[in-house]
2 protein chains.
Amino acid sequence: MAKNNGAKNLDTSTEEKIIQAASKVFTQKGYVATRTRDIAEEAGINLALLNYYFRSKEKLFQLIMVEKLQLLFSVILPIVNNDDLSLEEKVETLVENYINLLIDNPDLPLFVLGEIKANPAGFKDRLQVRKVLQNSSFVRQLRNRRPDVEPVHFIVSLLGMTVFPFIAKQILFADDNTFKMQMEERKALITKWARTILET
Amino acid sequence: MAKNNGAKNLDTSTEEKIIQAASKVFTQKGYVATRTRDIAEEAGINLALLNYYFRSKEKLFQLIMVEKLQLLFSVILPIVNNDDLSLEEKVETLVENYINLLIDNPDLPLFVLGEIKANPAGFKDRLQVRKVLQNSSFVRQLRNRRPDVEPVHFIVSLLGMTVFPFIAKQILFADDNTFKMQMEERKALITKWARTILET
DNA sequence: AAATATTTTAATCAAATGATTAAAAAATAT
DNA sequence: ATATTTTTTAATCATTTGATTAAAATATTT
C-alpha cells in the first residue's frame with residue numbers, strides 16, 4: 001500500500017487538500033457555480049484524483065455541507081439548551097460566539113442559506129431547526145419573559161441583527177478591516193439592544 | 001412587419017412572456033443554475049426565440065437584474081431622502097413598505113445578494129448604496145439623535161430584522177400562510193423595537 | 001393576391017464540464 | 001531487489017448547455 005502515513009501529516013494529505021479546497025470553493029461560489037476543475041486546481045491536484053477520492057462532485061459537496069451545518073449548529077445548540085444560563089446570558093454568549101464564528105467564516109451564511117433554498121427537499125428532513133428551537137430552554141425563557149410576543153420574532157431579530165451584516169457586507173460596508181472592527185463593536189450593541197427589546 | 005400590435009396586448013407579447021419567465025426563473029434559481037431552456041419552457045416558447053429577442057442569457061439577465069435593483073431601491077430611496085418625515089416616521093414607513101414588497105417578492109433578497117456576491121466587480125461601480133445612504137436625510141437624523149452610535153449599525157439592524165426572515169424563511173418558518181401572517185404582525189414589532197433602540 | 005418583412009421553429013454546433021479509463025509513478029510488502 | 005498494491009496522471013467520453021442557422025410560418029405592405 002502507498003498509504004500516505006499513519007497519523008501525522010494528515011493535514012497535508014491529498015484527501016485533506018481536496019477537502020480544504022472544496023470547502024473554500026464551494027462556500028465561495030456555491031454548488032452549481034463551482035467546477036470540479038476549480039477544486040482540483042485549488043488543491044493542486046489532477047481532476048481525476050478528485051473523483052478517485054470522492055467518487056463525484058455531489059458526494060464531495062455533501063461532505064462539505066454537513067461539515068458547515070455542524071459548524072453553525074455547534075455554536076447555537078449548546079447555548080440555547082443550556083439551562084444554567086439566564087436569558088440575558090444566552091443572548092450575550094450567542095451573539096459573541098456567533099459573530100466570532102462569522103468573522104472567521106464570512107461566506108457561511110449566504111452559502112448555507114443559498115444551498116438550502118436551491119434544494120429544499122434535501123434538507124427538509126435533516127434540518128429541524130424549528131423543532132429543536134421549539135423545545136429549547138431558550139424559547140421557554142422567551143415565552144416566560146414575554147408571553148405577548150411569539151418567540152420566533154425575537155429569535156429572527158437577534159439572528160437578523162447578527163447574521164445580516166455578513167450577508168450584505170458587499171453592499172453596506174467599505175473595506176474588510178473596518179468591517180471586522182465594526183463587527184467587534186457590534187457585539188456589545190446587539191447585546192444591549194436585545195436586552196432592551198426584551199423589556200419593551 | 002409582423003409587429004404583434006400597437007399598444008394593447010403587450011402583457012402577453014412574446015417579449016413580455018420571456019421577461020416574465022426570466023424574472024421568475026432567475027430570481028428562483030440564480031444566474032448559473034438557470035438554463036436558457038428553463039426560461040424558454042416557462043415562457044412556452046422555443047429556445048431560439050429567446051436568443052432572437054435578447055441575444056444572450058447574459059443580456060437577458062442584466063435586464064432582470066436592473067429591474068430588481070430598481071424595485072428594491074424604489075422603496076428605500078424616496079423614504080430615506082424625504083426631509084419631511086421624522087426619524088420615527090421614516091422607520092415606520094420603511095418597515096411597512098419593505099415588508100409589503102418582500103411579501104410579494106420573497107426571493108428578491110437572496111437573489112440580489114447572491115448575484116452581487118457572485119460578481120462583485122459588476123456592481124462595485126453601479127451600486128453605491130453606501131454613498132447614497134451616507135448623504136441621506138435618514139443618516140443625518142440618526143447621527144443627530146444618537147451621536148454615540150455609528151448609523152450603519154442601526155441601519156444594519158433595521159434591515160436585518162426586516163429582510164432576514166425572508167432569507168431564512170425555509171429554515172425558521174413552517175408553512176407559507178403563517179409566515180405571511182407573522183410578517184404582517186412583525187411590522188408593528190420592528191417599528192416598536194427600532195424606536196426603543198433609538199432611545200437606548 | 002403577390003411581395004416583403006417579421007416571427008417562430010427544428011436541427012445542429014461548439015464549448016464546457018462531470019466522469020471514466022488505461023497507463024505511469026510511487027509507495028509498500030515480500 | 002522484486003513483486004504487489006496504491007496513488008496520480010493524461011487522454012478521452014458523454015452529456016449538458018448557450019448559441020446559431022436555415023427554413024417554415026405568420027403577419028404586413030403594396
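Note that these values count all heavy atoms, side chains included, but never hydrogens, waters or copies made by symmetry. In what follows, chains are A, B, ... by sequence order, proteins preceding strands, each numbered from 1.
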Starting at atom [atom1] of [X], determine the distance to atom [atom2] of [N], rounded to an integer number of angstrom.
X: A:Ile39; N: C:dA19; atom1: CD1; atom2: C1'; result: 14 Å
X: B:Glu41; N: C:dT9; atom1: CD; atom2: C1'; result: 16 Å
X: A:Leu49; N: D:dA10; atom1: CG; atom2: P; result: 11 Å
X: A:Ile18; N: D:dT7; atom1: CD1; atom2: P; result: 11 Å
X: B:Ile45; N: C:dA10; atom1: CD1; atom2: P; result: 12 Å
X: A:Glu15; N: D:dT6; atom1: CD; atom2: P; result: 15 Å

* **Counter-base of C:dT30, judged by Watson-Crick or G-U geometry with both distances under 3.5 Å** => D:dA1
* Using a heavy-atom cut-off of under 4.0 Å over every strand shown, decide if B:Phe54 touches base, sugar-phosphate, or nothing. => nothing
* Asked: Cation-pi between B:Lys68 and B:Phe111: NZ/CZ under 6.0 Å from ring centre and within 45° of the ring axis?
  ->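 No cation-pi geometry.
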* Asked: Does a nitrogen or oxygen in the side chain of B:Thr14 sit under 4.0 Å from OP1 or OP2 of C:dT7?
  -> no
* Only one of A:Lys24, A:Lys29, A:Lys57 forms a salt bridge (Lys or Arg N to Asp or Glu O under 4.0 Å) with A:Asp38, so which one is it? -> A:Lys29
* **Polar side-chain atom of B:Glu96 near backbone of B:Ala188 as donor-acceptor pair, under 3.5 Å** =>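 No, B:Glu96 side chain to B:Ala188 backbone: no donor-acceptor pair under 3.5 Å.
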* **No-hydrogen, no-angle side-chain donor-acceptor test under 3.5 Å, A:Ser137 and A:Asn81** =>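 No, no side-chain donor-acceptor contact under 3.5 Å.
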* Indicate whether the side chain of A:Arg195 and that of B:Thr200 have a donor and an acceptor atom separated by less than 3.5 Å. => no
* Asked: With the sugar-phosphate defined as primed atoms, P, OP1 and OP2, and the base as all remaining atoms, what B/S/- string results for nucleotides 16-25 of chain D, 5' to 3', for protein heavy atoms under 4.0 Å?
  -> -BBBBB----
* Is the distance between the ring centroids of A:Tyr31 and A:Phe61 under 6.0 Å? -> yes
